[in-house]
Undergrad: 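After the structure tokens below, expect a handful of questions from me.
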Amino acid sequence: MLAPLVHAYGIFLLALVSPGPDFAVTVKNSLTRGRRAGLLCAAGVTLANSLHILVANLGVGAVIANSPHVYTALVWAAAVYLSYLGIRLLLSKRTAPPPGPHQEPPYRGKESALRSPLLEGFLANVLNAKAILFWVSFFALVLREALPAPVRAGFVAAIILTLLCWFSFVAQALSRPRARRFFFEHELGFNRTMGLLLIALAIRVGAMA
């Protein structure tokens, strides 16, 4: 029983550390808006992945993946949203740097709901049809073994905890004062690069339609 779980967990880890929309939005929020915003974005990404995992285990994910109209709508929704984030970065202006080497202007959540880092992380993943396909294939093909309910629940819990830990680590690492100082010194270049990356991801996602 242990070998299939180790094999499946290894495949999950490889997919987890591969850069994609989840990583991109977490990096963006951590560098541009600080630690709290990065952690909220990480929580949003984890919440969306948890929803995909639940849907995949209930069999609904397979229905979505095999429904051309629903699948195409999700693909285009994800492409449009990633394009929106990318264009917003391309058009952004230089902001004021943190007031001191060990200080960070706290994220106070006084923005519109659509710009909430929690929602950004959630939407970047939940609208990603590729994520739906990954979790459906992961549980249907990679983890084919019939597992006792407690073992399967424990494995799913371990995956969700790993997701939260990984994206929280990214947020913590990139919101450190040194990383943010470097970002503010090269802010416009970073915003342009990240904006182009998000648009490239949007094109890649849209090509799946």
Side-chain angles (χ1 to χ4, degrees), residues 1-31 38-62 64-66 71 74-75 78-79 81-82 85-86 120-148 150-175 179 193-194 196-209:
M1 182 185 298
L2 184 61
L5 292 178
V6 172
H7 174 69
Y9 191 74
I11 292 175
F12 158 68
L13 288 179
L14 289 175
L16 177 63
V17 300
S18 301
D22 298 347
F23 185 80
V25 293
T26 304
V27 169
K28 178 185 81 70
N29 277 285
S30 302
L31 285 174
L39 291 174
L40 283 171
C41 184
V45 169
T46 304
L47 183 62
N49 272 292
S50 301
L51 181 61
H52 285 316
I53 291 170
L54 175 63
V55 166
N57 277 279
L58 291 176
V60 181
I64 294 174
N66 291 314
Y71 178 79
L74 281 173
V75 167
Y81 184 67
L82 290 173
L85 294 179
E120 274 194 14
F122 180 80
L123 289 179
N125 182 271
V126 82
L127 294 175
N128 188 355
K130 187 177 178 182
I132 297 175
L133 285 178
F134 171 78
W135 288 117
V136 169
S137 61
F138 181 82
F139 286 102
L141 302 176
V142 179
L143 198 62
R144 295 188 301 270
E145 301 286 334
L147 300 172
V151 175
R152 194 177 188 89
F155 182 71
V156 166
I159 285 178
I160 293 173
L161 181 60
T162 304
L163 281 162
L164 182 60
C165 288
W166 167 248
F167 288 108
S168 296
F169 167 76
V170 171
Q172 290 277 11
L174 294 179
S175 60
T193 302
M194 188 60 69
L196 291 173
L197 173 62
L198 286 168
I199 291 173
L201 286 170
I203 293 172
R204 181 180 175 184
V205 168
M208 298 171 59

Undergrad: Ignoring hydrogens, what is the shortest heavy-atom contact between Val126 and Ala48? Give both atom names and the distance.
TA: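 That would be N-CB, 3.7 Å.
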
Undergrad: If you take all heavy atoms of Ala79 and Ala202, which pair is closest and at what distance?
TA: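 Between these two residues, the closest heavy atoms are O-CB, 3.3 Å.
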
Undergrad: So Ile160 and Thr46, side-chain contact (heavy atoms from CB on, under 4.5 Å) or not? Walk me through it.
TA: CA-CA 7 Å; Ile160 293 173; Thr46 304; 4.0 Å; yes

Undergrad: For Phe12 and Leu163, what are the C-alpha separation, side-chain angles and deciding distance, and is it a side-chain contact (heavy atoms from CB on, under 4.5 Å)?
TA: CA-CA 10 Å; Phe12 158 68; Leu163 281 162; 3.9 Å; yes

Undergrad: What orientation do Phe155 and Phe138 show, parallel under 30°, tilted 30 to 60°, or perpendicular over 60°?
TA: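 It falls in the parallel class, under 30°.
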
Undergrad: Can you measure from CG (Asn49) to CG (Asn128) and round to the nearest 0.5 angstrom?
TA: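 These two atoms lie 9.0 Å from each other.
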
Undergrad: Looking only at heavy atoms, which two atoms of Ala124 and Pro21 are closest? And how far apart?
TA: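 Shortest heavy-atom separation between Ala124 and Pro21 comes out as O-CB, 4.3 Å.
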
Undergrad: At their closest point, which heavy atom of Gly38 faces which heavy atom of Ser30, and how far apart are they?
TA: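 Answer, listing the atom of Gly38 first, then Ser30: CA-OG, 3.4 Å.
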
Undergrad: Please name the pair of heavy atoms, one in Asn29 and one in Cys41, separated by the smallest distance, quoted to 0.1 Å.
TA: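 Of all heavy-atom pairs spanning Asn29 and Cys41, the closest is ND2-SG, 3.6 Å.
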
Undergrad: So, for Ala24 and Leu197, which heavy atoms are closest and what is the spacing to 0.1 Å?
TA: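 Nearest heavy atoms, Ala24 then Leu197: CB-CD2, 4.5 Å.
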
Undergrad: Would you say His52's side chain and Asn125's backbone share a donor-acceptor pair under 3.5 angstrom?
TA: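 Answer holds: yes.
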
Undergrad: Quick one: do Leu174 and Thr26 satisfy side-chain contact (heavy atoms from CB on, under 4.5 Å)? Show the steps, please.
TA: CA-CA 9 Å; Leu174 294 179; Thr26 304; over 6 Å; no

Undergrad: Apply the test side-chain contact (heavy atoms from CB on, under 4.5 Å) to residues Leu16 and Phe167: give CA-CA distance (whole Å), side-chain angles for both, the deciding distance (0.1 Å), then the verdict.
TA: CA-CA 9 Å; Leu16 177 63; Phe167 288 108; 3.8 Å; yes

Undergrad: Got a second to check how far Ile159's CD1 is from Leu164's CG, nearest 0.5 Å?
TA: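 These two atoms lie 14.0 Å from each other.
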
Undergrad: Under a plain distance cut-off of 3.5 Å, with no hydrogens placed, do Trp135 and Asn57 share a side-chain donor-acceptor pair?
TA: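 Their side chains do not contain a donor-acceptor pair, so the 3.5 Å distance test is not met.
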
